[in-house]
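Just so you know, residue 1 is the first one in the sequence shown, and it goes up from there. For clarity, every value in this text was computed on a predicted model and none was experimentally measured. We use all heavy atoms of the structure for the numbers below, so side chains are in, but hydrogens, waters and symmetry mates are not.
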Amino acid sequence: MKNLISLTKRISVALLLIIGFTNTAAAGTPQTREDGVTVIHLDEYNGYFAAKETVAGLKAGEYEFVVTNKAEKLVGFQIQALGNKGENLDMFPLEPGETRISRVTIGKDGVRFRCPINPTPWVDLDVIK
């Protein structure tokens, strides 16, 4: 009986690990175009963002955030530089179903973004140093 319980636990852990790696692998790697701009797609819902590409491990450089409003109401996109300045890099509203592109330069400290209309927590994107 102990062996059966131990085997069941091991199988359960293995399945959880497989599911976790599968979900992590579902996010694509951001593509950098020939002009050096890296593109990240963000879908904005009611109160949260979903990234189609992984946003971990970003490096300083030029980025385009392609933001699509998947909510059924007006939302917005605001992106700021991290660091001492907290400089506002871009901000705009999005109608339901609308897509807009925000082209920004990410510095050595990274950026953060949120929806200022449908208040969401800031999402910080630190840069790998």
Side-chain angles (χ1 to χ4, degrees):
M1 187 66 170
K2 285 184 180 182
N3 288 339
L4 183 58
I5 292 172
S6 177
L7 179 62
T8 303
K9 285 181 182 178
R10 288 181 186 180
I11 291 172
S12 297
V13 169
L15 286 174
L16 288 174
L17 287 173
I18 290 169
I19 291 168
F21 286 127
T22 301
N23 287 340
T24 302
T29 301
Q31 298 299 309
T32 301
R33 299 187 312 235
E34 287 184 17
D35 63 0
V37 177
T38 302
V39 180
I40 295 176
H41 296 84
L42 297 173
D43 289 338
E44 186 170 350
Y45 295 90
N46 290 319
Y48 70 96
F49 290 87
K52 293 184 180 176
E53 295 85 11
T54 183
V55 293
L58 299 182
K59 300 200 181 307
E62 293 292 315
Y63 286 81
E64 281 186 359
F65 288 88
V66 180
V67 186
T68 301
N69 179 353
K70 299 281 186 157
E72 295 178 0
K73 62 182 180 180
L74 179 72
V75 297
F77 182 73
Q78 178 181 13
I79 188 164
Q80 289 183 344
L82 284 175
N84 295 339
K85 298 178 189 176
E87 175 187 0
N88 207 33
L89 301 175
D90 200 1
M91 184 167 65
F92 50 80
L94 287 154
E95 295 290 337
E98 183 180 10
T99 298
R100 289 192 56 184
I101 297 173
S102 178
R103 185 169 177 166
V104 298
T105 300
I106 295 181
K108 63 181 177 76
D109 294 323
V111 294
R112 66 183 189 164
F113 63 85
R114 71 174 183 151
C115 174
I117 296 171
N118 180 24
T120 59
W122 284 103
V123 177
D124 290 354
L125 303 179
D126 296 339
V127 173
I128 298 287
K129 297 182 178 166

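- Annotation: ring pair (Phe, Tyr, Trp, His ring centres under 6.0 Å) contacts involving residues 89-109, sequence neighbours excluded, comprise Phe77-Phe92.
- Every residue two or more places apart in sequence or in another chain was checked for a side-chain hydrogen bond (donor to acceptor under 3.5 Å, both in side chains) with Glu87, and none qualifies.
- A single hydrophobic cluster is seen to contain both Val104 and Phe113, as judged by linkage of ILVMFWY side chains at heavy-atom distances under 4.5 Å, directly or through other members.
- Here the CD atom belonging to Glu44 is positioned 12.0 Å from the CZ atom belonging to Arg100, to the nearest 0.5 angstrom.
- By the rule that hydrophobic residues join a cluster once side-chain heavy atoms approach within less than 4.5 Å of another member, Val67 and Val123 end up as members of one cluster.
- A pairwise comparison of heavy atoms in Thr54 and Pro30 identifies O-CG, 3.3 Å as the closest pair.
- The distance from atom SG of Cys115 to atom CG of Leu42, rounded to the nearest 0.5 Å, is 12.0 Å.
- With contacts defined as side-chain heavy-atom distances shorter than 4.5 Å, the pair Tyr63/Leu89 does not qualify.
- Within the structure, every pair that satisfies the side-chain hydrogen bond (donor to acceptor under 3.5 Å, both in side chains) test and touches residues 72-83, not counting sequence neighbours, is listed here: Gln78-Asn88, Gln78-Arg114, Gln80-Arg112.
- Listed for the Asp35 side chain is a donor-acceptor partner under 3.5 Å among the backbone atoms of Val37.
- Tested against His41, the residues Glu64, Lys52, Glu53 include a single side-chain hydrogen bond (donor to acceptor under 3.5 Å, both in side chains) partner, Glu53.
- Taking the side chain as every heavy atom from C-beta outward, Leu58 and Ile40 approach each other to under 4.5 Å.
- Linking Ile, Leu, Val, Met, Phe, Trp and Tyr whenever their side-chain heavy atoms come within less than 4.5 Å leaves Leu82 and Val127 in two separate clusters.
- Across Asn46 and Ala71, no two heavy atoms sit closer than the pair OD1-CB, 3.2 Å.
- Ile101 and Phe65 are assigned to two separate hydrophobic clusters, defined by single-linkage of ILVMFWY side chains at heavy-atom distances under 4.5 Å.
- Under the side-chain hydrogen bond (donor to acceptor under 3.5 Å, both in side chains) criterion, Asn118 pairs with no residue at all, not counting sequence neighbours.
- Checking side-chain atoms of Asp90 against main-chain N and O of Ser102 turns up no donor-acceptor pair under 3.5 Å.
- Closest approach of Thr32 and Thr38 over heavy atoms only: OG1-OG1, 2.7 Å.
- Pairing each heavy atom of Ile117 with each of Pro93, the nearest pair is CD1-CB, 4.1 Å.
- Smallest separation of non-hydrogen atoms from Pro116 and Gly76: CD-C, 3.7 Å.
- Thr120 is linked by a side-chain hydrogen bond (donor to acceptor under 3.5 Å, both in side chains) to nothing, counting only residues two or more places apart in sequence or in another chain.
- Checked against side-chain contact (heavy atoms from CB on, under 4.5 Å), Glu95 has the following partners two or more places apart in sequence or in another chain: Leu74, Glu98.
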